2 protein chains.
Amino acid sequence: MNMTSRSRAEIAADQRPGTFRAEWFTIAACTAMVLLLLLAVVGKAEAATRGSGDLALVVERANGSLQVVETTGNTSLTRIEGLGDLSHASAVFSRDQRYAYVFGRDGGLTKVDVLEGRIVARVVQSGNSIGGAISQDGSLVAVSNYEPGGVKVFSADDLALVADIPATYGDGKRSKVIGLVDVPGQRFAFSLWDAGEIWLADFSAGSEPAITRFEDIGRNPYDALITPNGRYYIAGLFGEDGLALLDLWHPENGVQRILPGYGRGEQKLPVYKMPHLEGWAVAGNRAFVPAVGRHEVLVIDMNTWQEAGRITVAGQPVFVMGRPDGREVWVNFAFPNNDTVQVIDSESLNVVKQLQPGKGVLHMEFEPRGEEVWVSVRDLDELHVYDTATYERRSLLPAQKPSGIFMTSRAARIGL
Amino acid sequence: MNMTSRSRAEIAADQRPGTFRAEWFTIAACTAMVLLLLLAVVGKAEAATRGSGDLALVVERANGSLQVVETTGNTSLTRIEGLGDLSHASAVFSRDQRYAYVFGRDGGLTKVDVLEGRIVARVVQSGNSIGGAISQDGSLVAVSNYEPGGVKVFSADDLALVADIPATYGDGKRSKVIGLVDVPGQRFAFSLWDAGEIWLADFSAGSEPAITRFEDIGRNPYDALITPNGRYYIAGLFGEDGLALLDLWHPENGVQRILPGYGRGEQKLPVYKMPHLEGWAVAGNRAFVPAVGRHEVLVIDMNTWQEAGRITVAGQPVFVMGRPDGREVWVNFAFPNNDTVQVIDSESLNVVKQLQPGKGVLHMEFEPRGEEVWVSVRDLDELHVYDTATYERRSLLPAQKPSGIFMTSRAARIGL
């Protein structure tokens, strides 16, 4: 529109109050819309544009929610709700660390966008499950189930079912499955509680796994772990003493029994809470494992797989976690000692520090280079962050009945 | 504005062509602005909202640029230019994995936003530098300098100078500094080429470091490494045979000499390219190190620090890298064998595979769980990605004279 060509009447009309107001209104509305859009979109982008290396998920078991925290400033970022029954829940991470796969007790498998703080996909894939794992290449998520017993494997992308592995044994019965971990070479290892077997499922050729069964490994394997390099798979036995060891570099050698003195022993001591093997500590050639039922941490010489010592501790150990540099080992305990954390010097084997965070210490997770450790204190509804050099508490965050703490740095580790 | 109160004249005016065009123009302009803003902001947000766990920086030495790649789909994301002289450049990452700190040969220290693909800050802090490290808590970035010799420490936030540590010795001369690594406990370790010393700088009390000097460790330490748990700092010696070992759990024991047979030996073999110690491989209790000048990889028993074997390889080894599960060790070579990569079985110590990626294989970096390895092939201007199970090449990406490859997963590792 060329101003010089406009008639006086037009110019007069433009200047009349009504028309002016109409244009002003249009411009004001547009401007407001632009500002609102900018605020909305930039605000969202700012929230989501961040590195994912220093994030962690905290399971809030009573509410079925996850709290997303960051471990640089030790602050809470957001809460994700609607994950179902999160008692005994655990999580693994996508290789880009953006997504978590959360395994709930109710058979729920939930894919969570950690950066955006929302659920992306969710399936209830069994009646009762007990953890899972993500394949070496990040494409497959496997879940170990109690009911019906077996392993189901899903696409990490959209949680579509890729493979169903019923844990059948004997005359077709199905066994509860525990101790599911990823193994290098696009494999998963797991143990069959009822059958007393260890299975290896190899997905390197595609979605049809090649299954290798190791039978008669011992009665009632209750949990298992894989060493940080992915070589040794070790299952704890509830039904008898000792541990079942499978050298994954030499599966042809079968499963051997180690540490015959490991277990509840002749007296069948009461066990208040099953220890977790997956958190065991490796420091140099020594591994530190929670004794079952006893107030002891066992030391294993990993060159010989012989017992190399016993350390008397404050209660029945649950998690025995090595600081990432292996210099110290942190231990928490079953009821009634679940208000206590003890720190063991991995060289002298002495308890060098005792902390009392409060009732209900359920889990501990070290930051990946070990400068701090996060502790969930369920009965106080608190997360504590301790400086591992001074043992001082650096941060305290509220959380609703916190249990497991899972840092995104697990994405880069074998067996986590 | 209430339509019913408007006069016929006003309505007529609104409907006259000129006024209509004016309002239409305003609305169209506003709409266009909104759309452009949305495109710009959403586009930017989409690009930046992604996990940072599967990213890597590739140094393009000839152009002073970095290529940002992702290791899930094996694609190139962006290129960052303007980093100065990147010959012999290296990088460390912030603990959230968003930022990289790039150490250039020209003394340039550049902070790069890996997610947004841009330079955030840059200082030229010396005349000639040779690598750096980031402190355990991620707050400090240290650079080792040749000219003037010493270590400068900067705030990881804004690259403000925090501490200047001149590497003085004798009558006030300054030594070139090499082998700078982070040590648990907010410390840095480094070696003095001219002085034959190892220094430990402890920043746990703040920005004034406590310095511990270890003198007479051997002539001309040329590179050093720290074991993955942060316990042993080991410097290679160019001026004499053997390696200098410092047990950081027991600095009071001083530096001891190990592997007296390690080195160029009596004949002083020509060395075409200094091997890198930082890439050495640890598999179980064995460490694999490049021999100096010889066509051999040396095997060290880490329990006794004695030589446990020698493996004949295709040339003078440069990088000897353990696959993350320790099952295999990959080796590249100095000119004229720099077109070759060999793979050693860490158990049998046999060379089990030989690859010929092409002339100018400068660096290799394993994905953190080991399923693939990235190889820079300088003279072909290519990055190759190999499947470590099948040795097949899965991807090929163009790159401009690529050298070092640095994955963000290093953020979670001690000594990287």
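Owing to the predicted nature of the structure, the values given are computational and were not obtained by experimental measurement. Each chain gets a letter, A, B and so on, in the order its sequence line appears, and its residues count up from 1.
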Heavy-atom pair with the smallest gap, counting every atom of A:Ser409 and B:Ala412 = CB-CB, 4.2 Å

Side chain from CB out, backbone as N, CA, C, O: work out which of these in A:Ala411 comes under 4.5 Å of a heavy atom of chain B, or both, or neither.
-> backbone

Please look at A:Asp113 and chain B and tell me whether the side chain, the backbone, both or neither of the residue comes under 4.5 angstrom of a heavy atom of that chain.
-> neither

Among A:Gln97, A:Arg98, A:Gln136, who wins on heavy-atom pairs under 4.5 Å with chain B?
-> A:Gln136

Part of A:Ser135 within contact of chain B (heavy atom distance under 4.5 Å) = backbone

Quick one: salt bridge (charged side-chain N to carboxylate O under 4.0 Å, His left out) partners of B:Asp301, sequence neighbours excluded?
-> none

Can you measure from OG1 (B:Thr49) to CG (A:Leu115) and round to the nearest 0.5 angstrom?
-> 7.5 Å

Comparing B:Ala389, B:Ser94, B:Ser139, B:Gly53 against chain A, the one with the most heavy-atom pairs below 4.5 Å turns out to be B:Gly53

Most chain B-contacting option - heavy-atom pairs closer than 4.5 Å, from A:Arg231, A:Glu367, A:Arg327, A:Glu372 = A:Arg327

Residue part contacting chain B, namely of A:Thr72, when any heavy atom lies under 4.5 Å | both

Minimum heavy-atom distance between A:Asp325 and B:Pro184, given as atom pair plus value = OD2-CB, 3.9 Å

How long is the span from the OG atom in A:Ser204 to the CD atom in B:Glu371, to the nearest 0.5 Å?
-> 13.5 Å

Residue from B:Met407, B:His250, B:Arg323 scoring the most non-hydrogen pairs under 4.5 Å with chain A is B:His250

Region of A:Arg413 in contact with chain B, defined by heavy-atom distances below 4.5 Å | both

Looking at side-chain heavy atoms only, is the closest gap between A:Glu70 and B:Asp96 below 4.5 Å?
-> no

A:Glu252, CD atom: more than 12 neighbouring heavy atoms under 6.0 Å | yes

Flag the one option from A:Thr71, A:Thr408, A:Asp137, A:Val114 with the top tally of heavy-atom pairs under 4.5 Å to chain B.
-> A:Thr71

Structural part of A:Ile134 lying under 4.5 Å from a heavy atom of chain B = both

Interchain contact, B:Glu347 with chain A, by part (heavy-atom threshold 4.5 Å) | side chain

Can you see which heavy atom on B:Gly326 is nearest to which on A:Trp249, and at what distance?
-> O-CH2, 3.5 Å

